[in-house]
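All remarks here apply to the structure that follows.
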Protein chains: 2
Amino acid sequence: MKTKPLSVALLGFGTVGGSVARIVCERPELADRIRLTHIFNRDVARKRVDWVPSSVAWTEDIDALLESKPDVVVEVIGGIAPAGDWVRRALGQGTAVVTANKMLLAAHGPELLDLAVRHETQLRFEAAVAGGVPLIHGVREGLAGDRLLRVTGILNGTSNYVLSAMSGGEQSMETVMVEARRLGYAEADPSADVDGDDAGAKLVVLAGIAFRRHLQLADIPRHSIRPISAPDFRYADRLGCTIRQVALVEARGDGFHAFVGPALVPRGSNFGLNMDANNIVTVAGHYGGENSFSGAGAGGPATAVAVVSDLLSLTQRERDRNEEWLPASVVAPPARPYYLRFVVKDRQGILSLIAASLADKGINLDAVLQEPGYPKDTLPFVITVEPCEEDALVAAVQEIATADFHAEPPLALPMLLGEARRT
Amino acid sequence: MKTKPLSVALLGFGTVGGSVARIVCERPELADRIRLTHIFNRDVARKRVDWVPSSVAWTEDIDALLESKPDVVVEVIGGIAPAGDWVRRALGQGTAVVTANKMLLAAHGPELLDLAVRHETQLRFEAAVAGGVPLIHGVREGLAGDRLLRVTGILNGTSNYVLSAMSGGEQSMETVMVEARRLGYAEADPSADVDGDDAGAKLVVLAGIAFRRHLQLADIPRHSIRPISAPDFRYADRLGCTIRQVALVEARGDGFHAFVGPALVPRGSNFGLNMDANNIVTVAGHYGGENSFSGAGAGGPATAVAVVSDLLSLTQRERDRNEEWLPASVVAPPARPYYLRFVVKDRQGILSLIAASLADKGINLDAVLQEPGYPKDTLPFVITVEPCEEDALVAAVQEIATADFHAEPPLALPMLLGEARRT
């Protein structure tokens with residue numbers, strides 16, 4: 001069936017926007033399906049490049065662009081305002097939107113999806129999670145036949161770069177972060193990456209795709225990777241594990257357990273083996289077991305592939321099943337083992353005091369690890385505990401933290417031994 | 001948009017068919033989208049189960065079934081005849097078909113796709129490659145924006161089970177095969193699995209999806225894993241590698257290089273780490289780099305998820321871009337390094353004779369490996385060669401094979417060091 005190519009207006013000509021334009025211009029075989037008509041950017045004269053055909057209008061005038069009624073608006077500006085208002089205006093006039101904006105979707109996904117339905121148009125966002133990894137098509141369509149149970153991912157390339165570079169147990173986070181900045185893997189302020197907001201927003205989108213439920217980002221516990229130190233990797237190694245920033249969402253009764261933060265994963269699992277800035281997502285289903293998707297999670301060209309794939313998918317469907325993300329609540333995790341790391345000013349009786357606090361909450365010790373060679377006034381050691389409820393663990397750690405022997409606050413990490421699939 | 005559920009007739013009630021029925025019956029939320037109306041099987045009385053609703057007609061009468069004009073026929077019988085005729089009849093009357101039949105698609109894919117187009121209906125086959133791994137949705141739609149360069153996969157679970165079980169270098173293939181049969185991973189006659197026809201048919205389907213080109217299965221070189229022995233794993237290990245049955249198709253000029261057979265892959269790559277009966281596929285694109293998909297490649301429930309996902313995708317599209325697989329030719333591989341293993345009745349001068357044959361064809365030695373402890377009359381040793389053309393290598397090996405010192409025919413395996421992504 002031959003139809004007119006979709007007219008496409010591109011909002012934002014940064015790394016991703018530039019790559020989208022390049023793919024569309026470099027692949028003449030796409031010309032009968034999509035046609036770039038506008039490029040919008042602030043200060044657009046500075047952005048203009050000569051390899052974009054002269055038929056494309058460069059503009060700073062968003063009103064005129066929207067009034068020209070393109071078939072699709074591609075939003076790769078990022079941020080909630082003003083991008084969100086422009087996405088709303090486009091959908092509200094029946095213009096389809098392709099976006100890579102995870103923050104916008106995490107905050108306003110249900111409203112935007114509803115707006116698309118009411119105006120009989122489409123909102124697509126393959127690029128919003130894991131860059132070029134075709135997760136949304138794979139999960140929402142390829143696994144539609146399954147009843148999904150859990151989605152576990154490494155969704156932030158910066159954090160994975162930092163943690164995988166530290167995995168030898170020699171380098172400090174500061175050293176690795178300097179290198180990450182030099183290579184362009186980390187921004188000057190890496191807070192959104194290392195503290196979990198970026199992975200959290202992506203997890204909200206993933207939960208929408210996998211479960212059609214909307215979790216509030218504010219409800220998802222996010223733990224920073226900043227407290228992770230070189231000794232943690234050495235202790236993790238003794239446990240057959242390494243440390244990754246993990247994002248997970250799991251159906252639990254009427255709600256969902258959700259978590260973003262550093263966790264121990266088996267060294268030989270596909271999460272433990274996921275290196276550099278790569279992303280990986282494992283989806284567990286009731287019928288089909290576990291499927292994993294991995295690839296470059298970010299970068300202009302990879303993310304642009306996802307945007308162009310979304311554009312092409314718009315050319316081949318007259319309608320799509322309406323997508324709706326219903327509200328959902330975040331509930332406590334299942335009982336699981338934890339890794340507790342203390343850095344203390346050593347003296348007698350510390351271990352018995354910690355053990356007593358844990359026992360008092362009904363938590364059983366599994367292992368106590370103390371390596372030689374550390375200074376006595378900042379002595380790191382590790383206790384692992386048998387599977388326990390998170391509430392009990394948090395209460396015990398809070399009690400232990402009030403003692404006067406700590407050189408650093410205690411650190412508790414979940415041990416995800418079954419969630420990250422062994423290869 | 002609310003529409004009537006699709007009526008679905010299931011052809012075949014074996015492992016996969018039974019699982020398809022189970023998912024459809026166990027997931028009431030699917031009832032407004034798909035409705036099972038018929039189950040066809042030979043000797044159907046023997047197959048009847050009580051958990052299928054009484055509204056479903058059990059039948060041995062294919063003519064009556066097709067005449068009832070279901071919206072979709074699910075073909076999970078397998079084999080080219082009579083399944084192919086029934087698929088043709090369904091498509092020819094405008095009935096959509098969902099099939100898991102890789103052999104049928106490999107042999108007649110272009111004809112069947114064309115039949116679907118001419119009768120304005122759909123042919124879907126997510127289950128035909130890598131069971132439950134949502135490759136087709138991921139690659140064809142999620143990576144549509146990229147220009148794909150190469151698809152590399154471990155597509156046969158039986159072969160991967162056998163080779164990964166042998167990877168310690170201790171167990172013979174015979175021993176492992178007995179265990180594979182006991183666990184249900186291998187059939188009484190494993191020829192299609194270990195000799196490469198199964199992976200070859202899947203590779204034809206993958207090439208169709210990734211490149212929209214039809215390679216003839218007969219044109220794809222398929223090498224058996226049967227000659228692989230325990231010493232090969234010990235030598236591979238010394239090269240930082242292990243051995244897997246790899247299937248790959250790569251765009252080369254106007255044609256495609258395609259290959260199925262045992263190959264050396266880096267031990268630490270995601271192919272080297274792919275264990276048991278799991279499948280993995282890595283897709284390399286010009287823009288987005290490499291994406292990998294992995295999961296259970298076979299088994300009733302996983303394959304059934306793919307079938308049900310295809311059914312659900314039929315409920316949400318009024319039309320799909322027509323798919324067409326154009327003819328394509330198979331061309332020679334790029335120059336690559338090879339692993340050559342000889343088992344000889346040892347005597348002086350063997351190495352110099354082999355080296356002379358290789359040098360005569362312009363092939364440079366890279367390493368010579370000979371481990372102690374093997375009997376002198378069946379002495380295995382290994383030569384690796386620098387990247388060379390396949391023609392030259394084959395000619396050299398043929399010449400070497402005419403010598404009288406061989407206790408077993410020489411074995412040449414490609415070393416896929418860049419094709420299998422390092423994790």
Side-chain angles (χ1 to χ4, degrees), chain A residues 1 19-20 22-23 26-27 30 33 126 131-147 268 270 273-275 278 280 285-296 299 301-313 315-322 422-423, chain B residues 1 19-20 22-23 26-27 30 33 126 131-147 268 270 273-275 278 280 285-296 299 301-313 315-322 422-423:
Chain A
M1 263 159 285
S19 294
V20 169
R22 193 169 275 284
I23 294 177
E26 282 181 1
R27 294 190 61 195
L30 303 183
R33 300 174 67 187
E126 179 67 77
V133 186
L135 261 178
I136 296 189
H137 286 93
V139 174
R140 192 167 45 180
E141 294 165 23
L143 297 178
D146 210 340
R147 188 163 67 222
N270 51 10
L273 295 163
N274 186 67
M275 306 303 280
N278 282 323
I280 181 166
H286 175 72
Y287 296 100
E290 296 192 341
N291 279 283
S292 296
F293 307 74
S294 63
T303 308
V305 164
V307 168
V308 177
S309 298
D310 272 349
L311 286 172
L312 292 172
S313 81
T315 67
Q316 63 186 52
R317 302 195 194 167
E318 273 165 4
R319 64 181 172 92
D320 224 43
R321 193 168 172 82
N322 295 338
R422 286 182 179 277
T423 52
Chain B
M1 265 158 283
S19 294
V20 169
R22 194 169 274 284
I23 294 177
E26 282 181 359
R27 294 190 61 195
L30 304 182
R33 301 174 66 186
E126 179 67 77
V133 187
L135 261 177
I136 296 189
H137 286 94
V139 175
R140 191 168 46 180
E141 295 166 21
L143 297 178
D146 210 338
R147 188 162 66 222
N270 51 10
L273 294 164
N274 187 67
M275 305 305 279
N278 281 322
I280 180 167
H286 175 71
Y287 297 99
E290 296 191 342
N291 279 283
S292 295
F293 307 73
S294 63
T303 308
V305 164
V307 169
V308 177
S309 297
D310 272 350
L311 286 172
L312 292 172
S313 81
T315 67
Q316 63 186 51
R317 304 192 194 168
E318 273 164 5
R319 64 184 171 88
D320 223 43
R321 193 169 173 83
N322 294 339
R422 284 181 181 279
T423 52

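In what follows, chains carry the letters A, B, and so on, assigned in the order in which the sequence lines appear, proteins first and then strands, with residues in each chain numbered from 1. Every heavy atom of this structure was used, including side-chain atoms; hydrogens, water molecules and symmetry mates were not.
- In terms of heavy-atom proximity, A:Val133 sits nearest to B:Asn291 at CA-OD1, 3.2 Å.
- Among A:Ser19, A:Ala304, A:Pro301, A:Gly142, the residue with the largest count of heavy-atom pairs under 4.5 Å with chain B is A:Gly142.
- Considering only heavy-atom pairs separated by less than 4.5 Å from chain A, the leading option among B:Gly299, B:Ala144, B:Ala302 is B:Ala144.
- For the atom pair A:Arg27 CZ and B:Asp146 CG, the distance stands at 7.0 Å (nearest 0.5 Å).
- Scanning all heavy atoms of the two residues, the minimum distance from B:Pro134 to A:Phe293 falls at CG-CZ, 3.5 Å.
- Residue A:Leu273 comes nearest to B:Leu273 through the heavy atom pair CD1-CD1, 3.2 Å, listed as atom of the first residue, atom of the second, then distance.
- The most heavy-atom pairs under 4.5 Å with chain A, out of B:Val139, B:Val308, B:Ile280, come from B:Val308.
- In terms of heavy-atom pairs under 4.5 angstrom with chain B, the leader among A:Gly132, A:Gly285, A:Gly289, A:Ala306 is A:Gly132.
- Shortest non-hydrogen contact noted between B:Ser309 and A:Glu141 is CB-O, 3.2 Å.
- Of the inter-residue distances, the one linking B:Arg140 atom CZ with A:Leu312 atom CG reads 13.0 Å to the nearest 0.5 angstrom.
- Contact between B:Ala296 and A:Gly288 at its shortest, heavy atoms only, is CB-O, 4.4 Å.
- Ranked by non-hydrogen atom pairs under 4.5 Å with chain A, the options B:Arg22, B:Arg147, B:Glu26 are led by B:Glu26.
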